[in-house]
Amino acid sequence: MKAFALHPGIDMRLPVSRRYRHVVFAGVMSFVTSLIVSGVITASRAGLDNQYLDHWVKGFFVAWPLVFIVILLIAPLVSRFVEAIVEET
């Protein structure tokens, strides 16, 4: 697989054993998910005022560890469920 690079010649890959890649996946997935969802919920509940960013950051740091743990626990179940309901073509 081609390395992710912000700039040509800079390899951004982390040296992580395949055994722990699910943890890296959970970290990245939970970060992105928490960032988006906490931002949307904060905007819908409190509005886009001068305290929006402060409320968003606080909400994000509450959500991120929770979502990380949930992804670690349910990702294998979801993967097995998808394998059971999807027929390869």
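- Counting only residues at least two apart or on different chains, the salt bridge (Lys or Arg N to Asp or Glu O under 4.0 Å) pairs with a member in residues 47-58 are Asp54-Lys58.
- Here Val32 pairs with Ile36 under the side chain to side chain contact (heavy atoms under 4.5 Å, CB included) rule; sequence neighbours left out.
- If you chain together hydrophobic residues whose side chains sit under 4.5 Å apart, Leu35 and Ile41 never meet in one group.
- Val28 and Val78 fall into different hydrophobic clusters, where Ile, Leu, Val, Met, Phe, Trp and Tyr side chains are chained together by heavy-atom contacts under 4.5 Å.
- The stretch residues 31-48 participates, sequence neighbours left out, in these side chain to side chain donor-acceptor pair (under 3.5 Å) pairs: Ser38-Trp56.
- Tracing side-chain contacts under 4.5 Å through hydrophobic residues (I, L, V, M, F, W, Y), one never reaches Leu53 starting from Val62; they form parts of separate clusters.
- A continuous path of Ile, Leu, Val, Met, Phe, Trp and Tyr side chains, each step under 4.5 Å between heavy atoms, connects Ile69 with Leu72, placing both in one hydrophobic cluster.
- Counting only residues at least two apart or on different chains, no salt bridge (Lys or Arg N to Asp or Glu O under 4.0 Å) pair has a member in residues 75-89.
- The side chain to side chain donor-acceptor pair (under 3.5 Å) analysis of residues 61-78, with sequence neighbours excluded, yields the pairs Ser30-Trp64.
- With sequence neighbours left out, the side chain to side chain contact (heavy atoms under 4.5 Å, CB included) criterion links Val16 to Leu14, Tyr20, Arg21, Val24.
- Within the structure, ring-ring contact (aromatic ring centres under 6.0 Å, His included) contacts touching residues 67-89 (residues at least two apart or in different chains) do not occur.
- Members clustered with Phe25: Met29, Val67, Ile71, by chain and number, using a 4.5 Å side-chain heavy-atom cutoff among hydrophobic residues.
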